[in-house]
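The next block holds one structure in the form of structure tokens; read it before the comments.
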Amino acid sequence: MIEIIISVFIIFGGIFTLIGSIGLARRPDFYTRLHGPTKATTLGVGGLLVASMIYFGTQETISMHELLVTMFLFMTAPVSCHLMAKAALHLRVRSEVDLPKSDK
Amino acid sequence: MLATAVLIAMVMVILALVLNIWRVIIGPDVTDRILALDTLYINSIALLVLLGIHMASAHYFEAALLIAMMGFIGTSALCKYLLRGDIIE
């Protein structure tokens, strides 16, 4: 039973990791490309880490290393996404839509 | 069953790594390359976690934690360099 739960989490994580990277490879411009990796891939790695936590919880005493990695990834992914978007706006990277008109 | 699931997920993650490397090579702008490198380290953490389950060994988490920290520092340093022209002002 516990093996089925772990397998479901592992497949879930693998599928989301792949979806995020397909989004990175296929989207037309940088600002849409930001969405795939920073959301789907983080969720996928989170699923894999939950699976690993359950697996090592059944093997021996429950370990908290995975929780540390999960917390760290979930905290840093939005920050790095924000930094990359800021850098792209600063460099005026090409976008599919025009910038909004200024009122002045 | 668990071994099969781990193998399937490994194939998916390796495919994801190949797609990321493709984006690092063709990426039209420098920010695309930074984003692809960021995704590359997150996917390598996924591969290390899967390897840890496959080998039933808990020694891979220190490596995963180190990659997570160093990858974030690398991404933020590159973005800071693009934004300000300097990393530590």
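FYI, side chains are in, hydrogens and waters are out, and symmetry mates aren't considered; it's all heavy atoms of this structure. Each chain gets a letter, A, B and so on, in the order its sequence line appears, and its residues count up from 1.
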Residue from A:Gly14, A:Ala77, A:Ala51 scoring the most non-hydrogen pairs under 4.5 Å with chain B is A:Gly14
Largest heavy-atom contact set with chain A, pairs under 4.5 Å, which of B:Val30, B:Leu82, B:Val6 | B:Leu82
If you round to the nearest 0.5 Å, how far is CG of B:Leu2 from CD1 of A:Ile5?
-> 12.0 Å
Contact part of B:Met69 toward chain A, heavy-atom cut-off under 4.5 Å: side chain, backbone, both or neither?
-> both
Using non-hydrogen atoms and a 4.5 Å limit, figure out which bit of A:Leu83 sits close to chain B: side chain, backbone, both or neither.
-> both
Single-linkage hydrophobic cluster, 4.5 Å side-chain cutoff, A:Phe16 and B:Val49 together = no
Joining Ile, Leu, Val, Met, Phe, Trp and Tyr whenever any side-chain heavy atoms lie under 4.5 Å apart, the cluster holding A:Val97 also takes in none
Transitive ILVMFWY side-chain link B:Met70 to A:Met84, under 4.5 Å | no
Under a single-linkage definition using a 4.5 Å side-chain heavy-atom cutoff for Ile, Leu, Val, Met, Phe, Trp and Tyr, are B:Ile42 and A:Phe30 assigned to the same hydrophobic cluster?
-> no
Using distance alone, with no hydrogens and no angle check, list the donor-acceptor pairs under 3.5 Å between chain A and chain B.
{"from": "A:Glu3", "atom 1": "OE2", "to": "B:Leu2", "atom 2": "N", "distance (Å)": "3.3"}
{"from": "A:Ser21", "atom 1": "OG", "to": "B:Asn20", "atom 2": "OD1", "distance (Å)": "3.4"}
{"from": "A:Ser21", "atom 1": "OG", "to": "B:Asn43", "atom 2": "ND2", "distance (Å)": "3.1"}
{"from": "A:Leu24", "atom 1": "O", "to": "B:Arg23", "atom 2": "NE", "distance (Å)": "3.1"}
{"from": "A:Leu24", "atom 1": "O", "to": "B:Arg23", "atom 2": "NH2", "distance (Å)": "3.4"}
{"from": "A:Ala25", "atom 1": "O", "to": "B:Arg23", "atom 2": "NH2", "distance (Å)": "2.8"}
{"from": "A:Arg33", "atom 1": "NH1", "to": "B:Asp32", "atom 2": "OD1", "distance (Å)": "2.4"}
{"from": "A:Arg33", "atom 1": "NH1", "to": "B:Asp32", "atom 2": "OD2", "distance (Å)": "3.1"}
{"from": "A:His90", "atom 1": "NE2", "to": "B:Leu83", "atom 2": "O", "distance (Å)": "3.4"}

B:Leu15: which other cluster members, linking ILVMFWY side chains closer than 4.5 Å, directly or transitively?
-> A:Ile11, A:Ile15, A:Leu18, A:Ile19, A:Ile22, B:Ile8, B:Met12, B:Leu19
Side-chain hydrophobic cluster, 4.5 Å single linkage: members besides B:Val18 = none
Sort out for me which of A:Ala85, A:Cys81, A:Ala25 touches chain B most, counting heavy-atom pairs under 4.5 Å.
-> A:Ala25
According to a 4.5 Å side-chain heavy-atom criterion applied to Ile, Leu, Val, Met, Phe, Trp and Tyr, with indirect links allowed, do A:Val69 and B:Ile73 form part of one hydrophobic cluster?
-> no
B:Leu50 versus chain A, the contacting section by heavy-atom distance below 4.5 Å = side chain
Is there a path of hydrophobic side-chain contacts, each under 4.5 Å between heavy atoms of I, L, V, M, F, W or Y residues, that connects B:Ile14 with A:Ile10?
-> yes
With only heavy atoms counted, which part of B:Ile45 is less than 4.5 Å from chain A, the side chain, the backbone, both or neither?
-> side chain
Derivation of the side chain to side chain contact (heavy atoms under 4.5 Å, CB included) call for A:Leu68 and B:Phe61 | CA-CA 10 Å; A:Leu68 212 60; B:Phe61 289 109; over 6 Å; no
For chain B, which of A:Leu73, A:Leu24, A:Leu48 has the most heavy-atom pairs under 4.5 Å?
-> A:Leu24
Flag if over 12 foreign heavy atoms under 6.0 Å of CZ, A:Phe56 = yes
